[in-house]
Protein chains: 2
Amino acid sequence: MTELTPQCETDDHAPAARSFDPVACDRAAAIFRALGDPNRLHILILLRQGPMCVTAIADELDDNLSAVSQRLKLLRSERIVVTRREGKHVFYALTDDCIVELIDHALAHGSESLTPKPPR
Amino acid sequence: MTELTPQCETDDHAPAARSFDPVACDRAAAIFRALGDPNRLHILILLRQGPMCVTAIADELDDNLSAVSQRLKLLRSERIVVTRREGKHVFYALTDDCIVELIDHALAHGSESLTPKPPR
DNA sequence: TAAACAGTCAATGAATTCATGAAATGATTG
DNA sequence: CAATCATTTCATGAATTCATTGACTGTTTA
């Protein structure tokens, strides 16, 4: 359990990211894109509590297994989650705490300005 | 310049976001989705330097005006940027510093794990 | 090794997003 | 008020994403 949620000491990388780096930009956008779906985000919020296997996630979310598996696959392809097989089960866990921070930050920011939409 | 980049004191909202709130989740996902496009993200990275008008942004990004305008419109609809008209020009600016933090964080996280892609 | 369980993969169609170019709107200037 | 500059809107098609279903693979257990 502890083995799956390591590294990325949060302030290893506070500075950086000044002058524009197109590669980092694309990478960041890809991460955001992956986070930018309510279903996927919901999975990640669940995983904040600790590693879970696919069926457990699907149960908790009351969604079909295949769909959940595919969302996890996408999250994995962006290295947002990692996997570990244990017997029949495959456990998914958040790759590192940066992701948690990112999510919490957006979540909190989201609950702030909750007014519907700006003018037109 | 200072008038356009106010509020959101960064740690007004450090805790929060514990138990699952579907509305906040959707909102957060929407924000992420908006950030999840390289072109839009690039615009935001530009705006980190301060407010700019549409043509200036399009020039800087060497992209067509209409496209930039539409991306800005989307960012505005998610309240990620705000506008101010000044004569013929419309200036766009980041709504608050939370967004900057979010971006910097992802950007930094992005440059870390820059390995292509995980297995299959 | 067959059955059962856990998860993934592949294919399909529906829905959404995106870029592009042309027309329309707003604001200033001659 | 005509011309021009700045920006937005609209319409189109191409590309991408998403959910769904059924088949397939890997692992344990009887």
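To find a chain, count down the sequence lines: A is the first, B the second, and so on, and within it residues start at 1.
Looking at residues 56-66 of chain B, you'll see B/Leu65, B/Ser66 sit with a heavy atom under 4.0 Å from some atom of DNA chain D.
Going from atom NE2 of A/His89 over to atom P of C/dA4 covers 17 Å, rounded to whole Å. The interatomic distance linking B/Phe91 (CZ) with C/dA27 (P) rounds to 15 Å, in whole Å. If you take CZ of A/Arg76 and C1' of C/dC9, they are 14 Å apart, rounded to a whole angstrom. Atom pair B/His42:NE2 and C/dA19:P shows a separation of 14 Å (rounding to whole Å applied). Atoms CE (A/Met52) and P (C/dA6) sit 14 Å apart, rounded to a whole Å. Distance A/Leu75 CG to C/dT8 C1': 15 Å, rounded to the nearest Å. Atom C1' of nucleotide C/dC18 and atom CZ of B/Arg40 are separated by 9 Å, given to the nearest angstrom. Atom C1' of nucleotide D/dT8 and atom CG of B/Leu74 are separated by 14 Å, given to the nearest angstrom.
Taking both residues in full, the closest heavy atoms of A/Ile31 and B/Ala106 are given as CD1-O, 4.4 Å, listed atom of the first, atom of the second, then distance. Between B/Val81 and B/Tyr92 the shortest heavy-atom distance is CG2-CD2, 3.8 Å. Minimum interatomic distance between A/Leu65 and A/Ala58 (heavy atoms only, all atoms of both residues): CD1-CB, 3.9 Å.
A donor-acceptor pair under 3.5 Å links the side-chain atoms of A/Arg27 to the main chain of A/Glu78, judged by distance alone. With hydrogens and angles ignored, the 3.5 Å screen pairs no side-chain donor or acceptor of A/Thr83 with any backbone N or O of A/Phe91. At distances below 3.5 Å, at least one donor-acceptor pair connects side-chain atoms of B/Asn64 with backbone N or O atoms of B/Ala67. At least one donor-acceptor pair under 3.5 Å links the side chain of B/Arg85 to the backbone N or O of B/Gly87.
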Tabulated below should be each protein N or O lying under 3.5 Å from an N or O of nucleotides 25-30 of chain D; please produce it.
none

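With D/dC18, D/dT8, C/dT8 as the candidates, the nucleotide lying closest to the side chain of B/Tyr92 is D/dT8. Picking from C/dT8, D/dA6, D/dA19 the nucleotide with the shortest atom distance to the side chain of A/Arg71 gives D/dA19. Which of C/dT8, C/dT17, D/dC18 sits closest to the side chain of B/Arg33 comes down to C/dT17.
Between A/Asp63 and A/His42 there is no side-chain heavy-atom pair separated by less than 4.5 Å.
A/Arg40 meets the salt bridge (Lys or Arg N to Asp or Glu O under 4.0 Å) test with no other residue; sequence neighbours excluded.
At a cut-off of 3.5 angstrom, counting only N and O atoms as typed in the model, there is a donor on one side and an acceptor on the other between the side-chain of A/Gln70 and the base of D/dT20.
Taking side-chain N and O atoms only, A/Lys73 has no distance below 4.0 Å to OP1 or OP2 of C/dT8.
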